[in-house]
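Heads up, the thing below is written out as structure tokens.
Values in this document were obtained by computation on a predicted structure and should not be read as measured data.
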Amino acid sequence: MRVLVIGSGAREHALVLALRRDPAVSAIVAAPGNAGIAQHAQVRPVDPSSGESVAALAGEVAADLVVIGPEVPLVLGVADAVRAAGIACFGPSAGAARIEGSKAFAKDVMAAAGVRTAHSEIVDTPAELDAALDRFGPTWVVKDDGLAAGKGVVVTADRSAARGHAAELLEQGHPVLLESFLDGPEVSLFCLVDGETVVPLLPAQDHKRVGDGDTGPNTGGMGAYTPLPWLPAGAVAQIVDDVVAPVAAELVRRGESFSGLLYAGLAMGEAGPAVVEFNCRFGDPETQAVLSLLESPIGELLYATATGTLADVPAPRWRDGAAVTVVLAAEYYPARPRSGDLITGAADAAADDAATVLHAGTALRADGALVSAGGRVLSVVGTGADLVAAREAAYDRLAGIKLTGGHYRSDIGLAAVEGRIGI
């Protein structure tokens, strides 16, 4: 099987490495890729948001399967263009991708499906803002209704800060979603979805805030870990039954059957799971940790999902142990990051090493030096017998990587190790 992976982040790097472990995968092409991916796959240029360009490239490289990583191409209908060209594609249609592309659409689907989520209101004019803010609090959750790469959300007990963020979004012409605050630890659950067939992967937990102790602004994600030792037995089955399966069935009912990866971000409270958000693709940085423990051939799983045969494939198998992803970010991230700074110590380690470096915002200079080229520069994934060992592997490897002004959180997975998380 020849696979074309669309994207250029650490998530796509993790997908490429997982595909390399699948004996049925004979060739991997990545577009546009990055400096790290180029060490493991043929890299080709492409505009990921152009359905015509992606479909043409898929035909040119004789791809049997196209895997679309980022959300923007999916929302723009790139998967539709690939399927129209007669090529199997892992990724939902533009209609189904609205589950991430429009929070208002997602809320409407959840209401019809009877899925628990936060109370919300859409505000699309400044004149409505103050009255709407008065109906929320004492903790305000303010979101961009569209795509914002994880950085369009403010959660604050400061009404003026909430109002400032909402006003800024409205000035940019973006409708604002106000939500009630959901209490309880967050869980990310990835599910392969083929119509009404739902196959869960390992649950993970993301760390969205930029600083230790969940301080500072939200980011696209500063690290993640899996599995979750504090999550009760049966919780994954409950999330599938109460959340993912009803939403998948509602999308089928609407004629927008989902095919691909449906990511449920949830708050786990005493009353059970409540949805914080849905994504229509693998999430970063959780993907890096989850796929590092996958034993099953990933090509088989993705191809079965793309071709409507997921129900016929054995359930995924997982390695014992734990995985921790830590993101190294450029100076000033999540604001405007520095770029072009030299990165040292990030070369591939031995195949049996307990930590893997996955590239995201990197590039090669003309002289061959590796430099930063984005906000989240790279991820280090550590694996081990438990979270303690996985954390040690990740942070030991990260200590050897140097980037001027680079920063990372030192507490990824620490609260779970110390038993400070519970429902």
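Formation of a donor-acceptor pair under 3.5 Å by the R409 side chain with backbone atoms of G211 is found in this model. In this structure, the side chain of R397 does not engage the main chain of A355 through any donor-acceptor pair within 3.5 Å. At distances below 3.5 Å, at least one donor-acceptor pair connects side-chain atoms of R116 with backbone N or O atoms of P273. Panel note: side chain D22, backbone A24; a donor-acceptor pair is recorded below 3.5 Å. The backbone N or O of I298 lies less than 3.5 Å from no partner atom in the side chain of S296, so there is not a single donor-acceptor pair. Judged purely by atom type and a 3.5 angstrom limit, S102 has no side-chain atom pairing as donor or acceptor with the backbone of R98. For the pair E12 (side chain) and G9 (backbone), a donor-acceptor distance under 3.5 Å is present. Between the side chain of R2 and the backbone N or O of S26, no donor-acceptor pair lies under 3.5 Å. Without hydrogens or angle criteria, K107 side chain to A118 main chain gives a donor-acceptor distance under 3.5 Å. Without hydrogens or angle criteria, N34 side chain to A363 main chain gives no donor-acceptor distance under 3.5 Å.
Between atom CE of residue M268 and atom CG of residue L189 there is a gap of 9.5 Å, rounded to the nearest 0.5 Å. T362 OG1 to L403 CG: the interatomic distance, rounded to the nearest 0.5 Å, is 11.0 Å. For the atom pair D341 CG and S372 OG, the distance stands at 4.5 Å (nearest 0.5 Å). Interatomic distance, S93 OG to R83 CZ, rounded to the nearest 0.5 Å: 6.5 Å. For the atom pair CZ (F90) and CG (L192), the distance works out to 5.0 Å, reported to the nearest 0.5 Å. How far CD1 of I122 is from CD of E128: 10.5 Å, rounded to the nearest 0.5 Å.
At least one side-chain heavy atom of Y333 sits less than 4.5 Å from a side-chain heavy atom of H407. Counting only heavy atoms from C-beta outward, the side chains of V61 and L57 approach each other to under 4.5 Å. Put simply, the side chain of I6 does not reach to within 4.5 Å of the side chain of V67, judged on heavy atoms. Looking at D206 and E186, their side chains never come closer than 4.5 Å, going by heavy atoms from C-beta outward. With a 4.5 Å cut-off on side-chain heavy atoms, P200 and C191 count as touching. Between T125 and L170, every side-chain heavy-atom pair lies at or beyond the 4.5 Å cut-off. At least one side-chain heavy atom of H207 sits under 4.5 Å from a side-chain heavy atom of Y225. You'll find the side chain of L378 stays beyond 4.5 Å of the side chain of L358, heavy atoms only.
Counted within 6.0 Å of CD on Q238, heavy atoms from surrounding residues, nucleotides or ligands total more than 12; the atom is thus considered enclosed. Other residues, nucleotides and ligands contribute more than 12 heavy atoms inside 6.0 Å of the CD atom of Q172.
Using modelled atom types and a 3.5 Å distance limit, the side chains of E179 and S120 yield no donor-acceptor pair. Side-chain contact check for Y263 and E286: at least one donor-acceptor pair (N or O, by modelled atom type) lies under 3.5 Å.
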Please assess R21 against E295 for the test salt bridge (Lys or Arg N to Asp or Glu O under 4.0 Å), listing each intermediate value before the final yes or no. CA-CA 9 Å; R21 299 194 295 267; E295 276 194 341; over 6 Å; no

Begin with the C-alpha distance, continue with both residues' side-chain angles, and end with the deciding distance and a verdict on salt bridge (Lys or Arg N to Asp or Glu O under 4.0 Å) for K208 and D214. CA-CA 7 Å; K208 283 290 189 187; D214 293 326; over 6 Å; no

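Salt bridge status for D144 with K103: absent, with no side-chain N to carboxylate O gap under 4.0 Å. A salt bridge links R163 and D130; the closest N-O separation between the charged side-chain nitrogens and carboxylate oxygens is under 4.0 Å.
Applying the ring-ring contact (aromatic ring centres under 6.0 Å, His included) test to every pair with at least one member in residues 32-68, sequence neighbours left out, gives these pairs: H13-H40.
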Could you list the donor-acceptor pairs under 3.5 angstrom formed by side chains in residues 311-330, with sequence neighbours left out?
{"from": "R319", "atom 1": "NH1", "to": "S292", "atom 2": "O", "distance (Å)": "2.9"}
{"from": "T325", "atom 1": "OG1", "to": "A289", "atom 2": "N", "distance (Å)": "3.2"}

Which donor-acceptor pairs under 3.5 Å do side chains of residues 253-261 form with protein atoms, sequence neighbours excluded?
{"from": "R253", "atom 1": "NE", "to": "E250", "atom 2": "OE1", "distance (Å)": "2.9"}
{"from": "R253", "atom 1": "NE", "to": "E250", "atom 2": "OE2", "distance (Å)": "3.4"}
{"from": "R253", "atom 1": "NH2", "to": "E250", "atom 2": "OE2", "distance (Å)": "2.7"}
{"from": "R254", "atom 1": "NE", "to": "E250", "atom 2": "OE2", "distance (Å)": "2.7"}
{"from": "R254", "atom 1": "NH1", "to": "D108", "atom 2": "OD2", "distance (Å)": "3.0"}
{"from": "R254", "atom 1": "NH2", "to": "D108", "atom 2": "O", "distance (Å)": "3.4"}
{"from": "R254", "atom 1": "NH2", "to": "D108", "atom 2": "OD2", "distance (Å)": "2.9"}
{"from": "R254", "atom 1": "NH2", "to": "E250", "atom 2": "OE2", "distance (Å)": "3.4"}
{"from": "S259", "atom 1": "OG", "to": "T305", "atom 2": "O", "distance (Å)": "3.3"}

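For the pairing with K143, the side chain to side chain contact (heavy atoms under 4.5 Å, CB included) check across L177, V176, L178 returns one residue only, L177.
Cation-pi check for R11 over F282 is not met; the charged atom does not lie both under 6.0 angstrom from the ring centroid and within 45 degrees of its normal.
Scanning both residues, S49 and L76, for their nearest heavy atoms gives CB-CD1, 3.7 Å.
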